[in-house]
Amino acid sequence: MLELQNISFHADDKDILKDINLKIDDKFVAITGPNGSGKSTLLKVIMGIITPTSGKIIFDGQDITDLPVNERANLGMSFAFQQPVRFKGLKVIDLLKIAAGPEGTSAQIRSYLKAVGLCPMDYLNREINDTLSGGEMKRIEIAMAAARGGKLSLFDEPEAGIDLWSFQSLIEVFENLRNVTNGNILIISHQERILEIADKIIYLKDGTVDRYDESAKIMDELNMRRKGGCDCAFGQKGVSCNG
Ligand SMILES: Nc1ncnc2c1ncn2[C@@H]1O[C@H](COP(=O)(O)OP(=O)(O)OP(=O)(O)O)[C@@H](O)[C@H]1O
Ligand SMILES: [Mg+2]
C-alpha cells in the first residue's frame with residue numbers, strides 16, 4: 001500500500017537518503033539502524049513534512065509525492081508527534097473525541113485509553129497540561145493514533161523517555177494497538193522487544209536500505225552481530241567484526 005521509488009534526500013551538501021526503494025504492505029513494520037542513518041528523515045518524507053530531492057511516493061496506488069501533510073492526513077496517514085497539542089482547558093476526552101471523529105463511541109474512546117494502560121476513569125477528564133508525565137503524554141498520543149484509526153500510523157521512537165519499569169506495558173500498548181487498529185503501523189525503534197513484535201524490519205544504514213526482511217530473520221542477524229563473530233550484514237567489517 002505504501003511504495004517508495006528511488007527516494008533521495010539531499011541537504012547541507014549531504015546525501016541523507018540515497019535511492020530508497022521499498023514496498024511496505026505488512027501490518028506492523030519497524031525501521032531500525034544506527035543513529036544518523038536517516039530513519040527520522042525517511043518518516044518525515046513519507047508524511048510529507050519534508051520533500052524528497054528525487055523519487056516518488058505511492059500510497060494506495062496514488063502518487064502522493066507532491067501532497068502536503070494535511071492532504072496525506074486526509075488519505076489516512078498520521079504521524080505521532082511526541083507532544084500532543086496543548087490548549088488551555090482541553091481535556092484528554094476532547095482530544096480523543098476529535099481524533100475518533102463523529103462515529104467514535106464513548107465505549108471505543110475508553111477502549112483506546114485502556115489499550116495504552118491508562119484507566120479511563122482517572123484520565124478522561126484530565127487537562128492536557130504539564131501535570132501529565134512524559135510517559136502519560138506519550139500514551140495519550142498513541143491512544144490518539146489508535147482513535148484516528150488511519151490507514152497508516154507512523155511513530156518515531158515512541159519508547160524514548162519511557163522508564164524501564166513502564167517499558168513492558170509500552171510493548172503491550174503496541175500489541176494492543178495492533179489488535180484495535182485496522183490500519184498499518186510503521187514505527188522507528190531501537191528496542192529489541194518492539195522489533196520482535198514487528199512483521200518485518202527495515203534496517204537503514206548510511207541513508208540506504210541495508211536489509212528488509214521478516215523480523216525473525218533480521219533479529220537473528222542482529223543477535224549474531226552482538227555475539228561479535230560473523231560476516232553479517234550489520235558488522236562493521238574490518239572494524240569490530242571478527243568475520
Ligand atoms: N535538514 C537537514 N540538514 C542537514 N542535515 C540533516 C538534515 N536532516 C537530517 N540531517 C542529518 O542527516 C542524518 C540523518 O538524520 P536522521 O534524523 O534521519 O537520523 P536517524 O536515523 O533518525 O538518527 P537517530 O537514531 O539518532 O534518531 C543525520 O546526520 C542528520 O544530522
Ligand atoms: Mg531519529
Side-chain angles (χ1 to χ4, degrees), residues 2-22 24 28-57 59 64-69 72 77-84 134-135 137-139 141-142 144-145 152-164 167 170-171 173-174 177 184-198 200-213 215 218-219 221-223 225-226 232-236 239-240:
L2 178 72
E3 190 174 349
L4 306 182
Q5 299 176 346
N6 310 105
I7 290 290
S8 297
F9 181 68
H10 187 89
D12 214 15
D13 251 356
K14 277 185 295 186
D15 292 320
I16 295 168
L17 297 176
K18 304 169 190 164
D19 198 31
I20 303 244
N21 286 288
L22 278 173
I24 298 171
F28 196 115
V29 176
I31 304 176
T32 196
N35 292 134
S37 53
K39 302 179 296 296
S40 297
T41 307
L42 183 65
L43 220 61
K44 288 179 195 158
V45 163
I46 293 172
M47 194 61 217
I49 295 165
I50 55 176
T51 311
T53 315
S54 57
K56 264 192 195 177
I57 307 168
F59 184 55
I64 59 160
T65 320
D66 297 321
L67 288 192
V69 182
R72 294 186 201 207
M77 289 172 82
S78 72
F79 188 88
F81 291 102
Q82 211 165 321
Q83 297 290 330
M137 237 8 171
K138 190 156 289 186
R139 284 161 197 250
E141 179 59 47
I142 298 169
M144 279 175 65
L152 180 65
S153 303
L154 310 165
F155 295 92
D156 192 348
E157 292 192 43
E159 71 267 20
I162 298 261
D163 63 86
L164 192 62
F167 189 68
L170 183 77
I171 300 189
V173 164
F174 275 94
L177 182 63
N184 291 2
I185 297 166
L186 183 59
I187 178 174
I188 296 178
S189 180
H190 292 287
Q191 285 297 330
E192 188 171 358
R193 306 278 304 282
I194 289 190
L195 299 180
E196 276 169 359
I197 61 170
K200 284 203 178 137
I201 298 176
I202 297 164
Y203 189 92
L204 278 194
K205 189 173 161 187
D206 203 15
T208 62
V209 177
D210 194 63
R211 295 280 287 111
Y212 178 30
D213 213 328
S215 167
I218 304 267
M219 290 312 288
E221 292 175 26
L222 282 169
N223 286 331
R225 179 184 79 163
R226 201 173 305 132
C232 63
F234 312 109
Q236 290 180 294
V239 181
S240 60

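Every number for a ligand or one of its atoms is a count from 1 in the order of the listing. All values reported here derive from a predicted model rather than from experimental measurement.
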Subject >> Short side-chain to backbone donor-acceptor contact, R193 and I171, under 3.5 Å >> reply: no
**OP:** List the closest protein heavy-atom neighbour of atom 13 (C) of ligand 1: residue, atom name, distance to the nearest 0.1 Å.
**Re:** G36 O, 3.6 Å
**OP:** Decide whether an N or O pair under 3.5 Å exists between K39 and ligand 1.
**Re:** yes
Original post:
Just checking, any donor-acceptor pair under 3.5 angstrom between side chains of D156 and S40?
Top reply: yes
**OP:** Note the single closest protein heavy atom to atom 4 (C) of ligand 1, along with its residue, its atom name and the distance in Å.
**Re:** D12 CB, 3.5 Å
Original post:
Is the backbone N or O of K18 less than 3.5 Å from a side-chain atom of T208, with the two atoms forming a donor-acceptor pair by type?
Top reply: no
Original post:
Can we call the ring centroids of F155 and F79 under 6.0 Å apart?
Top reply: no
Original post:
Going by chain and residue number, what protein N/O/S atoms come nearer than 2.8 Å to the Mg ion (ligand 2)?
Top reply: S40 OG
Original post:
Does even one non-hydrogen atom of E157 get within less than 4.0 Å of ligand 1?
Top reply: yes
Original post:
Rounded to the nearest 0.5 Å, how far apart are CG of L152 and CD1 of I185?
Top reply: 9.5 Å
Subject >> Nearest protein heavy atom with distance in Å, relative to atom 26 (O) of ligand 1 >> reply: N35 ND2, 3.0 Å
**OP:** For atom 1 (N) of ligand 1, grab the closest protein heavy atom and report residue, atom and distance to one decimal in Å.
**Re:** A11 CB, 4.0 Å
Original post:
Ignoring hydrogens and geometry, is there a side-chain-to-backbone donor-acceptor pair from R72 to I46 under 3.5 Å?
Top reply: yes
Subject >> Stepwise side-chain hydrogen bond (donor to acceptor under 3.5 Å, both in side chains) check, E157 with S189 >> reply: CA-CA 5 Å; E157 292 192 43; S189 180; over 6 Å; no
Original post:
Going from OG1 on T32 to CZ on R211, what distance comes out if it is rounded to the nearest 0.5 angstrom?
Top reply: 13.5 Å
Original post:
For atom 9 (C) of ligand 1, is the nearest protein heavy atom closer than 4.0 Å?
Top reply: yes
**OP:** Would you mind telling me if ligand 1 is within reach of the side chain of I16, the backbone, both or neither, using heavy atoms under 4.0 Å?
**Re:** side chain
**OP:** Heavy atoms only: give me the nearest L17-G38 pair and the separation to one decimal.
**Re:** CD2-O, 3.5 Å
**OP:** List the closest protein heavy-atom neighbour of atom 31 (O) of ligand 1: residue, atom name, distance to the nearest 0.1 Å.
**Re:** K14 NZ, 4.2 Å
Subject >> Taking every non-hydrogen atom, the tightest pair across T65 and G55 >> reply: CG2-O, 3.5 Å
Original post:
Between I194 and F28, which heavy-atom pair has the shortest distance, and what is it?
Top reply: O-CE2, 4.3 Å
Original post:
What about G38: any of its N or O atoms under 3.5 Å from an N or O on ligand 1?
Top reply: yes
Original post:
For ligand 1, which atoms, with element, lie under 4.0 Å from some heavy atom of H190?
Top reply: 25 (O)
Original post:
atom 17 (O) of ligand 1: which protein heavy atom is closest, and how many Å away?
Top reply: S40 CB, 3.7 Å
Original post:
Counting only N and O atoms by type, is there a donor-acceptor contact under 3.5 Å from the side chain of K39 to the main-chain atoms of G207?
Top reply: no
Original post:
Tell me: protein heavy atom nearest atom 16 (P) of ligand 1, and distance?
Top reply: T41 OG1, 3.5 Å
